[in-house]
Structures are given as structure tokens and as C-alpha cells.
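Everything on this sheet refers to the single structure shown next.
For this chain, numbers begin at 1 and follow the sequence in order. Just so we're clear, the structure is a prediction, and the values are computed from it rather than from any experiment. Below, each value reflects all heavy atoms present in this structure, side chains not excepted, and no hydrogens, waters or symmetry copies.
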Amino acid sequence: MKVIILLDQIQAGLGGKEKASTELGGKKLAMGAADTIDKTLKKKDSSIMATFFCGTEFYEANKDIVQGKITRMCQKMQPDVLLVGPTYDYSDFARMACEVGYAVESNSEIPVVAMVAQEKNADIISEYKDKLNIVKMPKKGGTGLSDSIDRGIELCAKKVKKEDTTEFVTKYCF
């Protein structure tokens with residue numbers, strides 16, 4: 001399974017809130033938080049083929065451009081799935097992840113899985129839970145991170161194989 005992951009500037013390892021103006025970019029490797037997920041994927045003969053990153057302030061000022069570029073890049077690169085997050089309890093990142101994920105899934109054949117924590121994100125989850133599969137995950141520093149990553153990867157695999165995800169989503173997603 002070939003995965004593209006979308007991260008904000010913090011999770012990509014490009015800086016903190018002071019770097020929120022980081023423009024949309026990408027690298028053909030696992031960056032920041034994606035490295036942990038890539039290690040888990042490799043145990044399942046899968047990998048992260050690219051990390052897309054964008055500062056949350058840049059995204060907020062350029063939503064249509066960012067959504068369009070990410071959708072077109074996904075169509076060009078043809079991943080099996082787009083993983084948006086893990087966003088933890090960062091609400092600006094959670095909003096970006098859900099909006100971009102929904103745009104990609106609505107405008108391409110590429111399935112999307114989001115990973116978002118309930119804390120600070122209840123309104124975003126409420127808005128997108130019926131439009132996008134959002135795997136439950138802990139807030140930053142919370143317990144259960146490895147379990148939620150495993151579930152996110154499992155849902156990616158199910159969607160790629162076009163399996164019925166109803167029971168899984170009911171149990172592990174919002």
C-alpha cells in the first residue's frame with residue numbers, strides 16, 4: 001500500500017506556531033510524525049511515498065489553492081490512500097486535515113482516512129464525521145497513540161481493498 005500523508009508544519013518537523021505561514025510543500029519521504037507511521041507501514045509491506053505539509057495560517061489564507069494542488073498531486077502520484085493527520089488536539093490542523101481530506105475524496109478516486117483527537121476538535125468532528133472517515137486518536141501526549149495509528153493504517157488497508165468498513169468505522173471512528 002502506497003500512502004501519502006498530510007501534516008501541518010509542526011507535525012512535519014518544520015517548526016512551531018511561529019512557522020504557521022509555511023507554504024504548501026512536499027517531499028518523497030516520511031517527515032516528522034510520518035516517520036513513526038512509516039515504520040508501522042513497512043511491517044505490512046507498505047510505505048509512505050510522500051509527505052505533504054502546509055502551515056495552518058498559509059492554508060487558512062489559501063484554502064482553494066491548497067485543496068486543488070493537493071488533489072492534483074494525489075491524482076498525479078496515484079497513492080493507494082491519503083492519510084490526513086494525526087492531528088492530535090491541534091484544532092487548526094484538524095480543520096485543514098478534514099477540509100483537504102474531504103476535497104480530495106470528493107474530487108478524485110483516492111480514498112482518505114483522517115486521524116483526529118476529540119479534545120478541542122468537537123465542532124470539526126461533528127461537521128465532517130458523516131463526510132469522511134475520522135479515526136479516534138488521543139490528544140498530544142495522550143495514551144493509546146500506537147493503537148490509533150494501527151487502526152488508522154488498518155482502515156487505510158480496508159479502503160484500498162474496497163472492503164466493507166461499516167463495523168470498523170462504527171467501532172473506531174467518530
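No side-chain N or O of Tyr88 forms a donor-acceptor pair with one of Glu119 less than 3.5 Å apart. Under the 3.5 Å distance criterion, with hydrogens and angles disregarded, no donor-acceptor pair is assigned to the side chains of Gln67 and Tyr102.
Residues Met115 and Ile134 have side chains not in contact (no heavy-atom distance under 4.5 Å, counting atoms from C-beta outward). The shortest side-chain heavy-atom distance between Asp92 and Glu60 does not fall under the 4.5 Å cut-off. For the pair Phe52 and Ile4, the minimum side-chain heavy-atom distance is below 4.5 Å. Residues Thr87 and Met96 are not in side-chain contact: their nearest non-hydrogen atoms beyond the backbone lie 4.5 Å or more apart. Contact check for Thr143 versus Pro138: no side-chain heavy atoms found under the 4.5 Å cut-off. Within the 4.5 Å cutoff, the side chain of Glu109 has no heavy atoms near those of the Gln75 side chain. When side chains are defined from C-beta on, Thr22 counts as touching Phe53, because their heavy atoms get closer than 4.5 Å. Side-chain contact between Pro79 and Ile110: present, with at least one pair of heavy atoms (C-beta onward) separated by less than 4.5 Å.
Looking only at distances, a side-chain donor or acceptor of Ser46 sits under 3.5 Å from a matching main-chain atom of Met1. Looking only at distances, a side-chain donor or acceptor of Gln9 sits under 3.5 Å from a matching main-chain atom of Thr56. Judged by distance alone, with hydrogens and angles left aside, the side-chain atoms of Gln11 form no donor-acceptor pair with the main-chain N or O of Ala33 at under 3.5 Å. Of the possible donor and acceptor atoms, none in the side chain of Glu154 sits under 3.5 Å from a partner among the backbone N and O of Gly152. Lys136 places no side-chain N or O within 3.5 Å of a backbone atom of Ser148 that could act as its donor or acceptor partner. Checked by atom type and distance alone, the side chain of Asp8 never pairs as donor or acceptor with a backbone atom of Cys54 at under 3.5 Å. A donor-acceptor distance shorter than 3.5 angstrom exists from the side chain of Arg72 to the backbone of Gly68, with no hydrogens or angles considered. Judged by distance alone, with hydrogens and angles left aside, the side-chain atoms of Asp38 form no donor-acceptor pair with the main-chain N or O of Ala30 at under 3.5 Å.
Annotation for Leu82 and Leu6: closest pair CD1-N, 4.4 Å, computed over non-hydrogen atoms. For the pair Thr71 and Ser108, the tightest heavy-atom approach, listed with the atom from each and the gap, is CG2-CB, 4.4 Å. Ile124 and Cys98 get closest at one heavy-atom pair: CG2-SG, 3.9 Å. In plain terms, the two heavy atoms of Gln78 and Lys2 that are nearest each other are O-NZ, 3.4 Å. Here the closest heavy-atom approach between residue Ile149 and residue Ile37 is recorded as CG2-CG1, 3.9 Å. Listed here is the closest heavy atom pair of Leu7 and Ala34: CD1-N, 3.9 Å.
Within 6.0 Å of NZ on Lys129 lie no more than 12 heavy atoms contributed by other residues, nucleotides or ligands. Counting heavy atoms of neighbouring residues, nucleotides and ligands inside a 6.0 Å radius, atom NZ of Lys131 exceeds 12 of them. Counting non-hydrogen atoms of neighbouring residues, nucleotides and ligands closer than 6.0 angstrom, the CD atom of Glu18 exceeds 12 such neighbours.
One distance of note links CG of Asp147 with CE of Met137; it measures 11.5 Å at 0.5 Å rounding. Interatomic distance, Tyr59 OH to Ile65 CD1, rounded to the nearest 0.5 Å: 11.5 Å. One finds the NZ atom of Lys140 at 9.0 Å from the CD1 atom of Ile10 (value rounded to the nearest 0.5 Å). Rounding to the nearest 0.5 angstrom, the gap separating the OG1 atom in Thr40 from the NZ atom in Lys43 is 5.5 Å. Atoms CD1 and SG, on Ile5 and Cys156 in that order, are 9.0 Å from each other to the nearest 0.5 Å.
By the rule that hydrophobic residues join a cluster once side-chain heavy atoms approach within less than 4.5 Å of another member, Val104 and Val113 end up as members of one cluster. Criterion: ILVMFWY side-chain heavy atoms under 4.5 Å apart, direct or through other members. Under it, Val3 and Met31 are not part of a common hydrophobic cluster. One hydrophobic cluster, built from ILVMFWY side chains closer than 4.5 Å, cannot hold both Leu14 and Leu24; they sit in different ones.
With sequence neighbours left out, Asp150 forms a salt bridge (Lys or Arg N to Asp or Glu O under 4.0 Å) with no residue at all.
Checked options Asn133, Ile125, Asp130; the residue passing with Phe174 is Ile125 (criterion: side-chain contact (heavy atoms from CB on, under 4.5 Å)).
Salt-bridge check for Glu167 with Lys171: failed, with every basic side-chain N at 4.0 Å or more from each acidic carboxylate O.
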